[in-house]
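Working notes, structure below.
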Number of protein chains: 2
Amino acid sequence: MPPTTPPTGLPPMKDLTTENITENVHIVNSQCPSPRLKYLLHQIVSHLHEFCLETRLSTEEWSYGIKFLTEIGQISDDLRHEFILLSDTLGVSSLVDAINHPRQPPATEGTVLGPFHTHDAVDMSHGAVLHTDPDATPLFVLASIKDTAGNPIPDVKVDVWEGDSKGFYDVQNPNREGPDGRGVLRSDEDGLFWFQAIVPVPYPIPMDGPVGKMLKALGRHPNRPGHVHFMLDKPGWDLLITALYPRGDPYESSDPVFGVKESLVVDLSTVEDEEMAKKYGVKVGTKLLKHDFVLLSEEEARELRKKNAIEAMEKQGRKVVFHDDLPVPADDS
Amino acid sequence: MPPTTPPTGLPPMKDLTTENITENVHIVNSQCPSPRLKYLLHQIVSHLHEFCLETRLSTEEWSYGIKFLTEIGQISDDLRHEFILLSDTLGVSSLVDAINHPRQPPATEGTVLGPFHTHDAVDMSHGAVLHTDPDATPLFVLASIKDTAGNPIPDVKVDVWEGDSKGFYDVQNPNREGPDGRGVLRSDEDGLFWFQAIVPVPYPIPMDGPVGKMLKALGRHPNRPGHVHFMLDKPGWDLLITALYPRGDPYESSDPVFGVKESLVVDLSTVEDEEMAKKYGVKVGTKLLKHDFVLLSEEEARELRKKNAIEAMEKQGRKVVFHDDLPVPADDS
């Protein structure tokens with residue numbers, strides 16, 4: 001097929017040597033109509049080339065990398081997201097969450113969504129039992145949701161999910177008939193919600209694919225410390241996807257997906273108060289997780305993202321303009 | 001499944017905040033038993049995180065990237081290597097070749113292998129006709145192979161391949177019955193080889209996959225300038241994979257895979273000498289490509305790679321040790 005698209009208007013590349021490949025890629029990409037995409041590609045290409053140059057990447061290593069990435073794509077399907085697992089195990093997912101949902105005290109920090117959230121969890125009333133697992137240690141969860149000024153936030157949609165006493169989520173059960181270990185509540189007029197969960201246990205991430213091979217080669221273990229997931233959602237407030245990790249888990253300081261943050265490690269106590277036990281319909285002696293969540297408003301989060309973006313650009317010695325709230329260097333606008 | 005591998009001996013991560021994710025990933029990866037793999041991962045993680053931080057990568061962009069990479073894996077098969085195409089179009093393949101086969105004058109520069117090399121090309125004698133394409137403009141190729149001191153190198157295996165007058169390689173023909181447009185020669189005792197090819201024409205790289213979508217979004221055209229491929233192989237000499245590009249192609253300065261280098265752009269002349277025409281069995285007036293290839297010895301190439309690796313490490317302020325001829329920082333050894 002003869003070529004049909006002449007490269008009109010393209011600035012000619014430099015004099016084409018082994019040394020100026022990076023610069024030439026930037027020139028060829030410089031006609032990208034989207035300033036944001038142009039900036040992303042400029043940085044991707046710079047980092048990829050810098051990586052090859054500083055490591056003197058061998059042809060065999062490059063070839064291995066191509067095969068590794070191809071296998072990750074090929075093992076992926078609607079239920080298995082191996083590229084997300086790669087992103088998780090390299091700390092990228094956690095970082096992207098932190099960038100997009102920045103928090104400053106007293107706001108609650110977020111963490112990775114993970115692969116086990118579903119959209120079929122049913123509405124439940126306060127105090128409902130999340131799990132039907134008879135082998136589990138019951139855990140009563142009592143939580144509040146407030147704004148940064150300390151005011152309660154009512155009517156927040158609270159999506160909660162966790163694995164069972166063996167470390168499995170319901171979706172990992174091949175005979176799953178419906179949701180188990182998950183539910184949706186709404187905070188009451190005092191910003192409170194409560195439910196009966198189980199004390200979470202550690203569990204391994206999938207190790208039978210290319211990412212598992214990578215972790216083995218790196219000498220890493222696959223076990224996530226036990227946790228309960230929370231997604232707090234209300235229009236006008238920055239979405240909070242987070243999890244709480246009971247203190248003392250053996251994998252607390254080596255989470256393979258870097259989801260644990262110090263502020264999300266919690267101390268469990270015990271329901272010792274007869275009045276409380278009666279009020280919430282739980283037994284005295286039940287394990288208790290009390291926690292105060294603090295949400296940023298959308299406006300607070302947007303301002304914080306913008307401030308951080310300007311700082312990140314200044315660190316590169318660049319002035320910034322925003323396209324759809326995302327930064328690009330001003331000299332490209 | 002309860003976890004079975006305790007993280008014995010792993011240095012505990014830092015105090016686990018949004019700010020120290022990168023450092024924590026490095027700590028978790030620090031027990032990798034291979035110093036080279038540890039170094040590669042350290043640099044990959046640093047660059048990935050730096051990219052996210054400096055661009056403030058949005059959750060939607062991250063998600064698009066995951067989908068893009070997954071699709072590239074899924075469209076790939078034994079005949080289609082979309083990840084190699086991605087590497088080619090971002091200049092990575094060309095860079096990796098330059099790193100692994102460094103050249104200094106007068107040695108001939110290399111370039112990308114491309115996806116159209118096969119292993120079924122047949123041996124041919126000097127002067128043989130490479131192509132059976134009746135629509136093509138014949139091109140007589142007469143070449144020498146020398147070392148850096150100017151001595152001829154005999155008995156080099158010379159693998160040559162090129163597309164037809166429409167820009168197609170034989171492997172792109174669904175009715176392909178055998179090799180066409182490719183062959184294998186051996187340089188004679190004077191280091192010479194010659195054959196009858198065709199004047200190459202430009203052709204587009206595959207645009208029907210995710211990489212094609214990327215090029216369109218970047219405003220890039222798919223057309224490679226016309227070229228003839230050469231692979232020169234002899235034990236004791238650094239493998240030379242290269243191509244020659246007749247000057248004046250409209251895509252000469254905007255090659256989508258960054259294979260063109262100034263030293264590989266050649267001027268065609270014409271067979272004007274009756275004696276030459278008779279000697280090589282071609283007509284007076286035939287287009288002529290004369291070229292002198294210069295090979296580095298394996299030893300020269302190894303020394304050059306080592307010198308470049310030491311310089312690249314020093315640029316990072318690091319001392320270097322070598323494992324299997326590949327560099328790692330000395331403080332990790």
Side-chain angles (χ1 to χ4, degrees), chain A residues 1 3 5 7 10 12-13 15-18 21 25 28-29 31-33 40 43 45 47-49 51-59 62 66 69-70 72-74 76 83-84 90-92 94-96 98-100 167 202 204 218-219 221 223 253-254 258 260-262 309 312 316 326-327, chain B residues 1 3 5 7 10 12-13 15-18 21 25 28-29 31-33 40 43 45 47-49 51-59 62 66 69-70 72-74 76 83-84 90-92 94-96 98-100 167 202 204 218-219 221 223 253-254 258 260-262 309 312 316 326-327:
Chain A
M1 185 167 63
T5 325
L10 188 71
M13 289 197 283
D15 60 347
L16 309 166
T17 68
T18 287
I21 295 168
V25 180
V28 167
N29 285 343
Q31 290 213 316
C32 176
L40 292 181
Q43 300 308 100
V45 167
H47 282 293
L48 273 172
H49 286 213
F51 167 72
C52 296
L53 284 166
E54 70 198 2
T55 63
R56 317 310 291 175
L57 192 70
S58 77
T59 303
W62 171 85
I66 294 282
L69 294 172
T70 302
I72 290 179
Q74 296 191 334
S76 295
F83 264 116
I84 294 184
L90 296 180
V92 172
S94 185
L95 182 61
V96 169
I99 289 167
N100 284 275
L218 289 170
H221 73 79
N223 303 305
S253 65
S254 61
F258 307 96
V260 182
K261 289 167 188 167
E262 182 57 31
Q316 300 177 66
L326 293 170
Chain B
M1 187 167 60
T5 326
L10 187 72
M13 290 197 282
D15 59 347
L16 310 165
T17 67
T18 287
I21 295 167
V25 180
V28 168
N29 286 343
Q31 291 214 315
C32 176
L40 292 181
Q43 299 308 100
V45 167
H47 282 294
L48 273 173
H49 286 213
F51 167 72
C52 295
L53 283 166
E54 72 198 2
T55 63
R56 317 310 291 177
L57 192 70
S58 77
T59 303
W62 171 84
I66 294 281
L69 294 172
T70 302
I72 290 179
Q74 296 191 333
S76 295
F83 264 116
I84 293 183
L90 296 181
V92 172
S94 185
L95 182 61
V96 169
I99 289 168
N100 285 274
L218 289 170
H221 72 81
N223 303 305
S253 64
S254 61
F258 307 96
V260 182
K261 290 167 188 167
E262 181 57 30
Q316 300 177 67
L326 292 170

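First the proteins, then the strands, lettered A, B, ... as listed; each starts at 1.
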- Taken to the nearest 0.5 Å, the spacing of A/C52 SG from B/Q43 CD works out to 11.5 Å
- Item | Closest heavy-atom pair and its distance - A/V28, B/F258 | CG2-CE2, 3.6 Å
- Locate the shortest heavy-atom distance separating B/R56 from A/P327; write the atom from each residue and the value. CG-CG, 3.7 Å
- Task: Against chain A, work out which of B/G91, B/P33, B/A98 has the most heavy-atom pairs shorter than 4.5 Å and name it.
- Result: B/G91
- For each of B/L69, B/L90, B/T70, B/N100, tally heavy-atom pairs with chain A at distances under 4.5 Å, and name the one with the top tally. B/N100
- Query: Atom CD1 in B/I21, atom CG in A/L95: separation rounded to 0.5 Å?
  - Reply: 5.0 Å
- Heavy-atom pairs under 4.5 Å with chain B are the metric here; pick the option from A/V92, A/L48, A/I72 that has the most. A/V92
- To the nearest 0.5 angstrom, please state how far the CD atom of A/E54 sits from the CG atom of B/L40. 10.0 Å
- Keeping the roles fixed (side chain from B/Q31, backbone from A/G219), state whether a donor-acceptor pair exists under 3.5 Å. no
- Query: When the ring planes of A/H47 and B/F51 are compared, do they come out parallel, tilted or perpendicular, using 30° and 60° as the limits?
  - Reply: perpendicular
- Shortest non-hydrogen contact from A/L53 to B/A312? O-CB, 3.6 Å
- Quick one: does B/W62's side chain get under 4.5 Å of A/I99's, heavy atoms only? no
- Non-neighbouring partners of B/H49 that pass ring pair (Phe, Tyr, Trp, His ring centres under 6.0 Å), sequence neighbours left out: none
- A/L218: side chain to side chain contact (heavy atoms under 4.5 Å, CB included) partners, not counting sequence neighbours: A/M214, A/R220, B/N29, B/C32, B/L37, B/L41
